[in-house]
There are 2 protein chains.
Amino acid sequence: MDLSEIRRAGRPRKSVLDREKILGAALELLNSVGPEKFSMAALAGELGVKPPALYHYVKNKQALLVGMREVVSDSIDISGFGVLPWSEAVGLWARSYRDAFAAHPNAIALLATEPIAGAARTLAMYECVVQGFLAAGWEPNRVMSDIVALESFILGSALDMVAPDDMFDPGADAPQTPGLVEALAAQASLGGSRADTAFGVGLDIMIDGLALTNGLGA
Amino acid sequence: MDLSEIRRAGRPRKSVLDREKILGAALELLNSVGPEKFSMAALAGELGVKPPALYHYVKNKQALLVGMREVVSDSIDISGFGVLPWSEAVGLWARSYRDAFAAHPNAIALLATEPIAGAARTLAMYECVVQGFLAAGWEPNRVMSDIVALESFILGSALDMVAPDDMFDPGADAPQTPGLVEALAAQASLGGSRADTAFGVGLDIMIDGLALTNGLGA
DNA sequence: ACCTGAACACCGTTCAAGT
DNA sequence: ACCTGAACACCGTTCAAGT
């Protein structure tokens with residue numbers, strides 16, 4: 001980046017990189033160029049460094065992705081658990097969860113499939129959510145499956161945000177899909193994003209449904 | 001594959017490849033080696049052919065992925081719409097949808113993010129689902145968002161199936177996550193897959209919730 | 001038309017060599 | 001310790017040359 005200073009081989013007097021700088025630049029890059037063009041080489045270039053320098057801070061590309069996921073997860077809001085009523089705390093968590101990934105749309109597919117083993121801060125997030133469910137009276141054996149069900153919906157919704165807004169546009173095949181055309185037009189006349197509307201509908205249903213089946217009357 | 005016959009350059013007397021053979025082998029390969037090692041070169045090798053030969057049948061790797069998605073989508077069951085009651089038809093569709101991707105776990109993240117433009121058979125699937133919702137009395141402007149909400153949950157659940165079963169295992173961080181440890185143990189004592197249980201719970205909630213908010217009493 | 005062979009601009013990763 | 005340079009085994013894709 002800084003072309004005024006050309007580095008020759010050898011240890012620089014002061015470190016050029018640090019882990020946080022790398023993770024931040026990686027998310028920014030992934031977001032701007034997309035997963036296809038997201039490479040170690042491109043990231044190095046963005047940081048004004050040669051590719052091998054990155055391997056001093058991350059073991060490999062997969063470890064980089066795990067670190068990126070952790071940064072994204074840090075902005076998930078778990079402050080409601082133990083303070084607000086369960087349904088409000090969960091709503092806050094779910095919306096901020098989706099927003100966190102929505103801020104890095106291209107990261108979703110890449111990051112959602114990485115295991116969380118060894119990611120301490122991400123584990124801490126789950127611990128807080130679990131405690132929130134237990135405190136609200138959940139039977140322990142239902143906690144994980146209910147969280148996973150909710151999370152599946154959240155991540156699927158985040159995945160849906162990556163899709164182009166005209167994803168369902170039949171184009172030349174419109175004559176064969178009159179129902180789809182009608183539904184799309186009716187939806188469009190409502191205004192607002194299809195993805196946002198769908199998320200709102202689904203989240204309300206999930207929260208109400210989970211509350212009911214776990215003895216929390218509406 | 002067939003090492004007894006070594007091909008020299010030039011058009012073979014009979015075509016070695018066809019589109020269907022390529023798509024089938026591609027799904028099989030993606031499933032067996034994972035997305036990381038899934039390459040045009042590996043696919044060509046599996047088909048006993050050199051990489052450039054593939055480009056006679058698919059424009060590029062992205063087009064290959066779209067074709068693969070279409071094959072997967074073909075096994076989604078839409079036969080219930082117009083025959084069974086709405087909630088049963090949707091349940092059949094949703095379960096077969098998840099199963100279709102579950103049969104190709106490594107394909108989910110790759111295929112779920114591809115747009116469906118130009119994929120006629122996939123569009124036909126959506127048309128059938130839309131018609132099912134309209135016939136059940138849905139207001140047109142609610143059809144797409146409700147389908148998308150449901151689909152987000154289904155795809156998120158499919159994505160969850162890719163995660164290792166011990167994804168939440170805190171490992172060395174167990175002392176810091178007592179609630180998580182308890183919930184995992186309680187869940188484990190129930191037997192059955194966490195992913196399957198979560199999907200069942202969430203699907204029932206989604207179907208009931210959608211039915212209620214659209215005037216279909218339970 | 002349908003394949004191979006050669007070539008291109010890339011990857012991720014390792015490692016010795018510099019400071 | 002922290003960077004570069006060179007090298008390795010790969011990518012996806014194009015295109016001429018063969019039959």
Side-chain angles (χ1 to χ4, degrees), chain A residues 1-23 25-26 29-30 32-68 106-107 110-111 113-114, chain B residues 1-23 25-26 29-30 32-68 106-107 110-111 113-114:
Chain A
M1 295 223 95
D2 190 350
L3 299 177
S4 66
E5 183 183 346
I6 292 142
R7 236 182 341 272
R8 307 193 345 275
R11 181 189 188 189
R13 316 170 91 261
K14 181 154 190 346
S15 293
V16 187
L17 300 175
D18 61 73
R19 206 182 140 81
E20 209 157 336
K21 208 178 292 184
I22 291 174
L23 294 177
L29 180 66
L30 177 56
S32 62
V33 304
E36 215 76 354
K37 312 206 149 194
F38 177 73
S39 67
M40 298 299 271
L43 176 57
E46 208 65 32
L47 288 161
V49 115
K50 300 296 174 186
L54 299 172
Y55 290 82
H56 262 267
Y57 298 89
V58 292
K59 196 187 160 235
N60 51 33
K61 196 179 182 182
Q62 158 132 350
L64 176 71
L65 293 172
V66 170
M68 290 164 69
N106 287 318
L110 249 60
L111 306 186
T113 51
E114 297 298 327
Chain B
M1 295 222 92
D2 191 350
L3 299 176
S4 66
E5 183 182 345
I6 294 142
R7 238 183 338 273
R8 306 194 344 275
R11 182 189 188 191
R13 319 171 87 260
K14 177 147 193 351
S15 293
V16 188
L17 300 175
D18 61 75
R19 207 181 140 81
E20 209 158 337
K21 208 179 292 186
I22 291 174
L23 294 177
L29 179 66
L30 178 55
S32 62
V33 304
E36 215 76 356
K37 312 206 149 191
F38 177 74
S39 65
M40 298 299 271
L43 176 57
E46 209 65 33
L47 288 161
V49 116
K50 302 295 174 188
L54 298 172
Y55 290 82
H56 262 266
Y57 299 89
V58 292
K59 195 185 157 236
N60 51 31
K61 196 180 182 182
Q62 159 132 350
L64 176 71
L65 292 172
V66 170
M68 289 163 69
N106 286 317
L110 250 59
L111 306 186
T113 51
E114 298 298 327

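By convention in this document, chain letters (A, B, ...) are assigned in the order of the sequence lines, proteins followed by strands, and residues within each chain are numbered from 1.
The side chain of B/S39 sits closest to D/dG12 out of D/dG12, D/dT19, C/dC3. Of the candidates C/dT4, D/dC2, C/dC2, C/dT4 carries the atom nearest the B/A9 side chain, counting heavy atoms from C-beta on. The A/R11 side chain lies nearest to C/dT19 when the options are C/dT19, C/dG12, D/dG18. Looking at the side chain of B/M40, the nearest of the listed nucleotides D/dT13, C/dT14, C/dC3 is D/dT13. Relative to the side chain of B/N60, the nucleotides D/dC11, D/dT13, C/dG18 differ in distance, and D/dT13 lies closest. In the set C/dC3, D/dC2, C/dT13, C/dC3 carries the atom at the smallest distance from any side-chain atom of B/P12. Closest to the side chain of A/P52, out of D/dT4, C/dG5, D/dT13, is D/dT4. The listed nucleotides are D/dC2, D/dG12, C/dG5; the one nearest the side chain of B/K50 is C/dG5. Ranking D/dG12, D/dC3, C/dC3 by closeness to the B/L17 side chain, first place goes to C/dC3.
The phosphate of D/dC3 has OP1 or OP2 within less than 4.0 Å of a side-chain N or O from A/Y57.
In this structure, A/K37 atom NZ and D/dG12 atom P are separated by 15 Å, rounded to whole Å. One atom, CZ of B/R19, and another, C1' of C/dA1, lie 17 Å apart when rounded to the nearest Å. Atom CZ in B/F38 sits roughly 12 Å away from atom C1' in D/dG12 (whole-Å rounding). The interatomic distance linking A/L43 (CG) with C/dG12 (P) rounds to 10 Å, in whole Å. In this structure, B/R13 places its CZ atom 16 Å from P of C/dC2, rounding to the nearest Å. As rounded to whole Å, 11 Å separates atom C1' of C/dC2 from atom CD1 of B/I22. Atom CG of B/L54 is separated from atom C1' of C/dC3 by 11 Å (rounded to the nearest Å). Note: CD1 (A/I6) to P (C/dG18) measures 20 Å, nearest angstrom.
Looking only at distances, no side-chain donor or acceptor of B/Y57 sits under 3.5 Å from a matching main-chain atom of B/I22. Without hydrogens or angle criteria, A/K21 side chain to A/V16 main chain gives a donor-acceptor distance under 3.5 Å.
Counting only heavy atoms from C-beta outward, the side chains of A/L54 and A/L47 approach each other to under 4.5 Å. At least one side-chain heavy atom of A/V49 sits less than 4.5 Å from a side-chain heavy atom of A/R7. The shortest side-chain heavy-atom distance between B/Y55 and B/M40 falls under the 4.5 Å cut-off. For the pair A/M68 and A/L30, the minimum side-chain heavy-atom distance is below 4.5 Å.
Map A/V16 and B/A41 each onto its nearest nucleotide of DNA chain D; the residue landing nearer the 5' end is A/V16.
Using the Watson-Crick or G-U wobble rule with both distances under 3.5 Å, D/dC10 pairs with nothing in any strand shown. In this entry D/dC15 has C/dG5 as its Watson-Crick or G-U wobble partner, both defining distances falling under 3.5 Å.
The residue B/R8 sits close only to the backbone: its heavy atoms come under 4.0 Å of sugar-phosphate atoms, none of a base. Among the atoms of the strands shown, base atoms are found under 4.0 Å from some heavy atom of B/A53.
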